[in-house]
S.K.: 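Handing you a structure now.
So that the names make sense, note that chain A is the first sequence line, chain B the second, and so on, each numbered from 1. All values below were derived from every heavy atom in this structure, side-chain atoms included, with hydrogens, water molecules and symmetry-related copies excluded.
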Amino acid sequence: MKYRSHHCGALRPSDAGTEATLCGWVDSRRDHGGVIFIDLRDREGVTQVVFRPEEYPEVAEQSHGLRSEDVITVTGKVAPRLAGTENPKLATGGIELIATSLTVLNKSDVLPFQLDAKVSNEDLRLEYRYLDLRRPQMAQNLRLRHRVTTATRNYFDEQGYLEVETPILSNPTPEGARDFLVPARLTPGAFYALPQAPQQYKQLLQVAGVEKYFQIARCFRDEDLRAERQLEFTQIDVEASFISDVEIQTLIEGLLARIFREAKGVEISTPFPRMPYQEAMDRFGSDKPDTRFGLEIIDLSDVFAASEFKVFRSVLDGGGVIRALNARGAAEKLSKEQLKKWEEWAKTELGAKGLAYIKANATGEWESPIVKFFSEAEKAALAERMDLAPGDVLFFGADKWQAVCDTLGRVRLRCAELLELTKDSNALNFLWVVDFPLLAFSPEEAKWVAVHHPFTRPKTEDVPLLEAGEFAKVRAVAYDVVLNGVELGGGSIRIHEKELQARMFETLGIGPEEQQEKFGHLLRAFSFGAPPHGGIALGLDRLVMLLAGTESIRDVIAFPKNNRGLDLLTHSPVTVDFKQLRELYIQSTAKKP
RNA sequence: GGAGCCGUAGCUCAAUCGGUUAGAGCGCUGCCCUGUCACGGCAGAGGUUGCGGGUUCGAGCCCCGUCGGCUCCGCCA
């Protein structure tokens, strides 16, 4: 028996008069007592099937029992729709299949939710994920993801890149996220770790002479989940030898252009603008600036250089900065009470000391808790520098440079949301942020940590600064690609010399012994003619999210976990019995519920 | 580890200030219906208002606790 001659999206008026067999799910039924219409759905579309009692009484009788989501195969004559009953909403709306025989392959129970309606209850969607994936939007997302990965593979293949699979059972990483551990039965008491990224393997592949590597790589991080974060996620991972940072950026611009063209039918313009990290932070308060709107941060330290306002005075004397941004036209949307809430938000959520503001009313009058401390000259200079007009609201940041950037960067985004600056925008503002700092001081750990990762190469001209211990000033050959304020990925040119790598580890507080223990394999590999190399990794899930226009990573992953890392469909993770643990030389210390 | 929002029928939601028997749409079941495509008509079933406690003459609504979901901060080299 043949299930189908055509898919449900295939038949057209030109097929009229032929016989066809379709199979799929009953999408809906319209039972008129006599004639019965069934919309039959498969992955390619929907076709109307008609059961006519006067022509095929037995089949029509049988069709009365059909219910939503029953799986059937049906044979019939392709006929043009009666004049006036064509359905322009359907690709197959010009024809219908007049059923001559019907086989019910499988009945369906009533579904826990309707496929054509909004479902807010996400537990339910995840519990019945296989039904959720039948919904058109979700099915479309799966296809979109496939188109992205296919475009990626084709692109890299054409560029001469080799897809190489790297181990899922690998080693714990001393820095970075918490690892998922897997007990090694064959080595009692030892553990594998699931990779947070294939970083070391892809560098070792360069030492191996692969020269051009990519992988659609699953990565694992045992950290708390978020709307755009899962325990396991997928990276487009790339590494190449004898390549410059600009060449990698060009390669990735070509990839993204290809993906947007093939997955979305959109042409994007390349090359993307480049912006140094310092400039991104200064102007936008973020290392992944959304450049679809202005609201730029402006420095006022010189305006208040002689300020007698205590707060500003002490900040400036302590080496801090005074900065502000102008939320143009926000005055009518921000009452005094709301401004108070914003200040509270800045304090509790952003950890700011406060959020001073000046609200310029429609009349031009200033409402502000701090303006009384300003001199006339300061007020005039401030108004001019900020281009302050009636209806504007200025927000101030006064603190260390980094803290002011962080606070005003967040305030900027919140203002953009309030003013709906990106609401109807279909702009695609790609951007390379370059010249990241190599190192950052971590007050919690009381040591210097790698901003990107410990294999990132310092800029050649900044190596003397590294050697002089001026760690904060050392820039890395590192770059992030950003789209509309979302970080799509990041990479760097790596260190390929073992001496420089050892010096880097040392700077990070990893002594010679620990280096040998944890990175000996890498340092040894570097001693056997490691080529200069570099690469990048792009977050595939996030990219597909942007293309699909969804806010949740769960919408672009077939079987995601919920907020607490639970798979509501299969109920993983599960406890295992003592015997299974004993085989692995493992004992649980978890308290029994 | 912390904060916010939410939890009412299978689903999506309503229920005025704390006040009669907790409603609607969709879905479901039965009957009717021969050109619909959001088919239509009639009838019907379906509720421990997440759970536990408290305040009150009276609680879906107020209070406390708890469980669950989502979002954010921390965390994510």
S.K.: Roughly how far apart, to the nearest Å, are C51(B) and G10(B) at atom P?
M.R.: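 One P to the other, the span is 13 Å.
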S.K.: Give the rounded distance in Å between these two atoms: CG of Leu124(A) and P of C6(B).
M.R.: 21 Å
S.K.: Rounded to the nearest Å, what distance is computed from the CD1 atom of residue Ile553(A) to the P atom of nucleotide U71(B)?
M.R.: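 For the pair Ile553(A) CD1 and U71(B) P, the rounded distance is 11 Å.
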S.K.: For Arg554(A) and for Gln199(A), find the nucleotide of RNA chain B with the closest heavy atom, then tell me which residue's nucleotide is more 5'.
M.R.: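 Looking at the nearest nucleotide for each, Arg554(A) comes out on the 5' side.
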S.K.: With heavy atoms under 4.0 Å as the rule, sort Asp116(A) into base, sugar-phosphate or nothing.
M.R.: nothing
S.K.: Taking the six-membered ring of Trp25(A) as reference, does the NZ or CZ atom of Arg43(A) fall below 6.0 Å from its centre and within a 45° cone about the axis?
M.R.: no
S.K.: Near RNA chain B, which residues from residues 221-232 of chain A have a heavy atom under 4.0 Å away?
M.R.: Arg221(A), Glu223(A), Asp224(A), Arg226(A), Ala227(A), Arg229(A)
S.K.: Measure from the ring centre of Phe37(A) to the centre of the six-membered ring in the base of U36(B), then say whether that distance is under 5.5 Å and the planes meet at under 30°.
M.R.: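 Yes.
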S.K.: Under 4.5 Å between any side-chain heavy atoms of Val78(A) and Leu97(A), yes or no?
M.R.: yes
S.K.: Are His32(A) and Phe37(A) near enough that their ring centres are under 6.0 Å apart?
M.R.: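 Yes, the ring of His32(A) comes within the 6.0 Å limit of the ring of Phe37(A), centre to centre.
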S.K.: When we call it a touch if two heavy atoms are under 4.0 Å apart, what does Pro112(A) touch: a base, just sugar-phosphate, or nothing?
M.R.: sugar-phosphate
S.K.: Checking all strands, does Thr85(A) fall into the base, sugar-phosphate, or nothing category for heavy-atom contacts under 4.0 angstrom?
M.R.: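 It contacts base atoms.
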S.K.: Looking for any heavy atom pair under 4.0 Å, which part of the strands does Ala450(A) touch: base, sugar-phosphate only, or nothing?
M.R.: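 The residue Ala450(A) makes sugar-phosphate contact but no base contact.
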S.K.: Hey, is the side chain of Glu86(A) pairing donor to acceptor with the base of G35(B) inside 3.5 Å?
M.R.: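 Answer is no: no donor-acceptor pair is held.
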S.K.: If you measure from CG on Leu40(A) to CD1 on Ile72(A), what distance do you get to the nearest 0.5 Å?
M.R.: 5.0 Å
S.K.: Return the value, rounded to whole Å, for the distance between atom CZ of Phe113(A) and atom C1' of C28(B).
M.R.: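 Checked: the CZ to C1' distance equals 16 Å.
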S.K.: Are Leu102(A) and Phe51(A) side-chain neighbours, meaning at least one heavy-atom pair lies under 4.5 Å?
M.R.: yes
S.K.: Regarding U36(B), can its base be found pairing with the side chain of Gln48(A) as donor and acceptor, where the two atoms are less than 3.5 Å apart?
M.R.: yes
S.K.: Both Leu566(A) and Gly176(A) contact RNA chain B. Taking the nearest nucleotide for each, which residue is further toward the 5' end?
M.R.: Leu566(A)
S.K.: When rounded to the nearest Å, what value does the distance between P atoms of A45(B) and G2(B) take?
M.R.: 48 Å
S.K.: With side-chain contact (heavy atoms from CB on, under 4.5 Å) as the criterion, how do Arg554(A) and Glu122(A) come out once you've worked through the C-alpha distance, each side chain's angles and the decisive distance to 0.1 Å?
M.R.: CA-CA 10 Å; Arg554(A) 295 180 295 273; Glu122(A) 204 164 334; 2.4 Å; yes
S.K.: Should the side chain of Arg81(A) and the base of U36(B) be counted as holding a donor-acceptor pair, with the cut-off at 3.5 Å?
M.R.: yes
S.K.: Which distance, rounded to the nearest 0.5 Å, do you find between the CG of Leu11(A) and the CD of Glu96(A)?
M.R.: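 With rounding to 0.5 Å, CG (Leu11(A)) is 11.5 Å from CD (Glu96(A)).
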S.K.: If you look at every strand shown and take non-hydrogen atoms under 4.0 Å, does Glu96(A) touch a base, only sugar-phosphate, or nothing?
M.R.: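 Answer is base: heavy atoms of Glu96(A) come under 4.0 Å of a base.
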S.K.: Given atom CD1 of Ile36(A) and atom C1' of G40(B), what is their separation to the nearest angstrom?
M.R.: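 Computing the Ile36(A):CD1 to G40(B):C1' distance gives 15 Å.
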S.K.: Within the 4.0 Å heavy-atom criterion, would you say Val119(A) contacts the bases, only the backbone, or no part of the nucleic acid?
M.R.: sugar-phosphate
S.K.: Return the pairing partner of U56(B) with a 3.5 Å limit on both distances, Watson-Crick or G-U wobble; otherwise return none.
M.R.: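 Its partner is none (no Watson-Crick or G-U wobble pair with both distances under 3.5 Å).
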S.K.: In whole Å, what separates the C1' atom of U12(B) from that of G52(B)?
M.R.: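 U12(B) and G52(B) have their C1' atoms separated by 29 Å.
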S.K.: Measure from the ring center of Tyr479(A) to the ring center of Phe436(A) and say whether it is less than 6.0 Å.
M.R.: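 No, the ring centres sit 6.0 Å or more apart.
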